[in-house]
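Before any comments, here is the structure.
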Number of protein chains: 2
Amino acid sequence: MSGRAGGPPRRALVVGAGLIGTSVALALRERGHDVWLADVKPDHLRQAEELGAGSAHRGESVDVTVVAVPPGSTAQVIVQRLNDDQRNTVTDTASIKREVQQEVERMLDAPSSASHGRAERITRYVGGHPLAGRERGGPQRAHPAMFAGRAWVLTPNAEVSPATLENARWLVTECGATPVTMSAAEHDDALAVTSHLPQLLASALAARLAMQPDPVLQLSGQALRDMTRIAAADPSLWADIATGNALPLAEAIEGLTTSLRDVAAALRSAPPEPEAVRLLIESGGAGHSRLPGKHGGVPRSYQIVPVVVPDQPGQLARLLGDAAAAGVNVEDLRVEHAPGLPVGVIELFVGPESAGVLRTALAERGWTLSDAAEAS
Amino acid sequence: MSGRAGGPPRRALVVGAGLIGTSVALALRERGHDVWLADVKPDHLRQAEELGAGSAHRGESVDVTVVAVPPGSTAQVIVQRLNDDQRNTVTDTASIKREVQQEVERMLDAPSSASHGRAERITRYVGGHPLAGRERGGPQRAHPAMFAGRAWVLTPNAEVSPATLENARWLVTECGATPVTMSAAEHDDALAVTSHLPQLLASALAARLAMQPDPVLQLSGQALRDMTRIAAADPSLWADIATGNALPLAEAIEGLTTSLRDVAAALRSAPPEPEAVRLLIESGGAGHSRLPGKHGGVPRSYQIVPVVVPDQPGQLARLLGDAAAAGVNVEDLRVEHAPGLPVGVIELFVGPESAGVLRTALAERGWTLSDAAEAS
């Protein structure tokens, strides 16, 4: 937890005690801040309280409000909080930013019973989106380290005050994330390609499986599994996200389907034409090589040390014990195939400075190593 | 290695000492059989020999030949082997089966200088495809456990002899895989959906990344990474595979792009229409739930035990040591997020019978557990 900002405890309210909101609350509590919680679902609120994420909000004034509700309700809750608490900075965690900001601005422009005008309220709002999450939601899956090392986008509007931005950056940093500032439009265009398109692709691919006879599914391998991992997603949440980022997403879909249809046409010609396939695989390789370091967090390069592990219980524990004894931090690992027994190849991901040390130490302890490679 | 067939050592030839061929050879050698190797690339042959996969073939007669060369050369090598060695069963590992079989039959129908006729030769050939592999190829990545627990499809032609089928099943079983028998056409239709379509999708998605500015790539998360993992594929190999299974693959591509284009159209309507997205995500969830047990091998259900691991070196080793001490086999594990430090949630995959034991043992040893879930 080193390297974060210190300072006196602050007061925060988290609206929406789901996976993301409860994780924000837990991260802030761990750093010693006062946290209140609100949720329209009583059981989510109770579960988050039981996890130690904070106590139910009864109108207490705060420094920062984090709105972590579904995208479709986000703008309304933001404006409510700008009206209700005259000093608090309000930010949110919705995965679409342009539409939320436009809706907030529309609502602030409208005649209101709030005691302060548009100009004052808009200065206290800044959009946010932590790039973290899991397939399965709910407060019980929350974790204070959810955002550690992740990017957390902030999308300031034209009128935001320096104090608001400072408060938002404070929040991001206290959660262990790295603030990345861009416009709401830039954010949405980027996410259409890096998040929304992948989700629809995974769903479309998985939907093809629904039509297949059982023997076909028996032939599914790890690649298909990886590519459909996120298909168990929430239909309503994604309907919200997709319609909230409709045009950039439609464009991304159309770009992709056009290139796939070109390949299908080349395959339908007689004889089938290999060049379109070759080009697609080549451009895919070029695009893939541009992805930054693993984990989608702060870019970092790893070395993979693949180790052949015999099919006996306890070998994985012994391997990691040997790595630890060599003073090497294993940052991640992947089991290449483990068909009912821990047999196969374990790929250990370590910092480039540790790969040589680890290989030597493991070889000395009798492990069989395969050739090392850059993490991709 | 228990539960496999025993019997006296047999004689095998592996043509093509790449990743798959060398792994077959290593698996057979490990079971005590005599293995010869052939490859047009001298360095592959030498590397495979150095790994102990067998010795260079100089015309010795064998019981079984495994042809593990690129799909485009497979039929030719199969026929060569049927001609050259009058007793051997010939099978292959190409990931397309219909076209290979048709080409073999065409070549056997043609006038030939072989001393035995079509009828005799076709009885000794059976197509095969082990469902295993890795993103990176080459003999140096080969492993005798490559096929352990995997399905290995056999695609008998109408004239194959029982002895040939028995030899092929022997090969599959000795490699630790499970034989699955279906027609070449059934195989190709299935693989179009479970393997070839996912590859083209991963490539098409990764190709979109090539056009993006750097800040966009900084926002890429684990889902995008998982979905493009296989994009670093061999363009020539995939041009071969795709054109070798052209029509089923074209059909699969068109089915998928049609459903994606419907969603794009719904997003372009004003206001954007959420129903198409909701339906796509729902059908994706339904399809995904039909995938058999993890690893794409013998179906098996696991329980996931998620454990919160503090950000200190050696914790992963300690965790697995505690699991081993409790007598629990950890079948697989996933590091949920590890941003430069081993901090976050480690998901341990164990047999259903072990989940309760593991949870109790880890809780007693002071680990923080999140809620367990079915592996998906």
Side-chain angles (χ1 to χ4, degrees), chain A residues 140 145 148-149 190 194 198 203-204 206-207 209-210 216 219-221 223-224 226-228 230-232 235 238-239 242-243 246 250 253 256-257 260 264 267-268 272 274 277-278 280-288 296-297 313-314 316-317 320-321 324 329 331-332 335 338-339 343-344 371, chain B residues 140 145 148-149 190 194 198 203-204 206-207 209-210 216 219-221 223-224 226-228 230-232 235 238-239 242-243 246 250 253-254 256-257 260 264 267-268 272 274 277-278 280-288 296-297 313-314 316-317 320-321 324 329 332 335 338-339 343-344 371:
Chain A
Q140 72 282 5
T194 60
S203 295
L209 300 177
V216 171
L219 301 189
S220 57
L224 180 62
D226 286 351
M227 292 197 63
T228 56
I230 55 175
W238 275 97
T243 52
I253 292 172
L256 183 112
T257 53
L260 285 173
L267 292 175
R268 282 210 183 272
V277 176
R278 205 190 319 271
L280 180 68
I281 305 278
E282 268 174 18
S283 352
H288 180 255
L316 201 51
L320 288 162
N329 261 1
E331 309 277 4
D332 197 358
V335 181
V343 55
D371 62 326
Chain B
Q140 72 282 4
T194 60
S203 295
L209 301 178
V216 170
L219 301 189
S220 57
L224 179 63
D226 285 351
M227 293 196 63
T228 57
I230 56 175
W238 276 97
T243 52
I253 292 172
E254 288 153 359
L256 184 112
T257 53
L260 284 173
L267 292 176
R268 282 209 183 271
V277 176
R278 206 190 319 272
L280 180 68
I281 305 279
E282 267 174 20
S283 351
H288 180 253
L316 200 52
L320 288 161
N329 261 1
D332 196 358
V335 181
V343 55
D371 62 326

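A note on names: the letters A, B, ... follow the listed sequences, proteins ahead of strands, and every chain is numbered from 1.
When heavy atoms are compared at a cutoff of 4.5 Å, Ile253(B) approaches chain A solely by way of its side chain, counted from C-beta outward.
Considering only residues two or more places apart in sequence or on other chains, Glu254(B) meets the side chain to side chain donor-acceptor pair (under 3.5 Å) condition with Arg268(A). In this view, Thr228(A) satisfies the side chain to side chain donor-acceptor pair (under 3.5 Å) rule with no residue, not counting sequence neighbours.
Taking CG of Asp226(B) as the reference point, atom CD1 of Ile230(A) lies at 8.5 Å (rounded to 0.5 Å). Here the straight-line distance linking atom OG1 of Thr243(A) with atom CZ of Arg278(B) works out to 8.5 Å at 0.5 Å rounding. Taken to the nearest 0.5 Å, the OG1 atom of Thr194(B) stands 12.5 Å off from the CE atom of Met227(A).
With chain B as the partner, the residue from Thr257(A), Leu320(A), Leu209(A), Val277(A) showing the most heavy-atom pairs under 4.5 Å is Thr257(A). Per-residue heavy-atom pair counts under 4.5 Å with chain A were compared for Ala210(B), Pro235(B), Pro272(B), and the maximum is reached by Pro235(B). Among Gly321(A), Gly285(A), Pro198(A), the residue making the largest number of heavy-atom pairs under 4.5 Å with chain B is Pro198(A). Ranked by heavy-atom pairs shorter than 4.5 Å toward chain B, the options Ala286(A), Pro274(A), Ala204(A) are led by Ala204(A). Comparing Ala317(A), Ala190(A), Ser203(A) by how many heavy-atom pairs each has under 4.5 Å with chain B, the most go to Ser203(A).
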